[in-house]
Colleague: 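Handing you a structure now.
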Amino acid sequence: LMAAIPDELYNVKFAAYFDSMKELYILDQKFKVICDAYCASTAKTELYKDRSEKNYRRKMKFENLSRELEEEILFYIMRNR
């Protein structure tokens, strides 16, 4: 039975690499850690959606982190496919 990959990875940004992603997520522990960090960061961005000043700063922090992790995921796939 194949492990399911998290919903946050069903993302248009990763669509072209989806098969590679699924395989790497299941077989490559380092890749899984990066993906799980991305999923957590994306979830936090959702969490801080309301517009209070404190939450806005937090949201920006996690949005930037998500973007960096997104790039890292894409580079990782390119290097390892």
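Note that the structure is predicted; figures quoted are calculated from it, not measured.
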Colleague: Enter the distance from Leu27:CG to Lys22:NZ here, rounded to the nearest 0.5 Å.
Modeller: 12.5 Å
Colleague: Take Met21 and Cys35, measure what side chain to side chain contact (heavy atoms under 4.5 Å, CB included) needs, and give me the verdict at the end.
Modeller: CA-CA 9 Å; Met21 252 186 120; Cys35 287; 4.3 Å; yes
Colleague: Side-chain contact, heavy-atom cut-off 4.5 Å: Glu23 with Asp19?
Modeller: no
Colleague: Does Leu69 share a hydrophobic cluster with Leu47, counting links as ILVMFWY side-chain heavy atoms below 4.5 Å and allowing steps through other members?
Modeller: yes
Colleague: Looking at CG of Leu24 and OH of Tyr17, how far apart are the two atoms once the value is rounded to the nearest 0.5 Å?
Modeller: 13.0 Å
Colleague: Give me the other members of the hydrophobic cluster that Tyr56 sits in, counting Ile, Leu, Val, Met, Phe, Trp and Tyr linked by side-chain heavy atoms under 4.5 Å, directly or via other members.
Modeller: Met60
Colleague: Taking the six-membered ring for Trp and the full ring for Phe, Tyr or His, determine whether the centres of Tyr38 and Phe14 are under 6.0 Å apart.
Modeller: yes
Colleague: So, are Asp36 and Lys32 salt-bridged, with charged N and O less than 4.0 Å apart?
Modeller: yes
Colleague: According to a hydrophobic-cluster definition based on side-chain heavy atoms being under 4.5 Å apart (Ile, Leu, Val, Met, Phe, Trp, Tyr only), do Tyr10 and Leu74 belong together?
Modeller: yes
Colleague: Can you measure from OG1 (Thr45) to NZ (Lys61) and round to the nearest 0.5 angstrom?
Modeller: 10.5 Å
Colleague: Are any of the side-chain heavy atoms of Phe18 and Ile5 separated by less than 4.5 Å?
Modeller: yes
Colleague: What residues, two or more places apart in sequence or in another chain, satisfy side-chain hydrogen bond (donor to acceptor under 3.5 Å, both in side chains) together with Arg67?
Modeller: Asn64
Colleague: Any heavy-atom pair between the side chains of Glu72 and Tyr76 that's under 4.5 Å?
Modeller: no
Colleague: Report the C-alpha separation of Ile77 and Phe31 in whole Å, then their side-chain angles, then the decisive distance to 0.1 Å, and conclude whether the side chain to side chain contact (heavy atoms under 4.5 Å, CB included) test is met.
Modeller: CA-CA 9 Å; Ile77 292 168; Phe31 184 73; 3.9 Å; yes
Colleague: Heavy-atom distance under 4.5 Å between the side chains of Glu70 and Lys13, does that happen here?
Modeller: yes
Colleague: With rounding to the nearest 0.5 angstrom, report the CD to CD distance, Glu46 to Glu63.
Modeller: 9.0 Å
Colleague: Using a 4.5 Å cut-off on heavy atoms from C-beta on, say whether the side chain of Thr42 contacts that of Phe62.
Modeller: no
Colleague: Determine whether Leu9 and Met78 fall in the same hydrophobic cluster, where Ile, Leu, Val, Met, Phe, Trp and Tyr are linked whenever their side-chain heavy atoms lie under 4.5 Å apart.
Modeller: yes
Colleague: Restricting to non-hydrogen atoms, name the atom on Lys49 and the atom on Lys59 that form the minimum distance, rounded to 0.1 Å.
Modeller: CA-CD, 4.2 Å
Colleague: Which value, rounded to the nearest 0.5 Å, describes the distance between Asp28 atom CG and Ser20 atom OG?
Modeller: 12.0 Å
Colleague: Who passes side-chain hydrogen bond (donor to acceptor under 3.5 Å, both in side chains) against Asn80, sequence neighbours left out?
Modeller: none
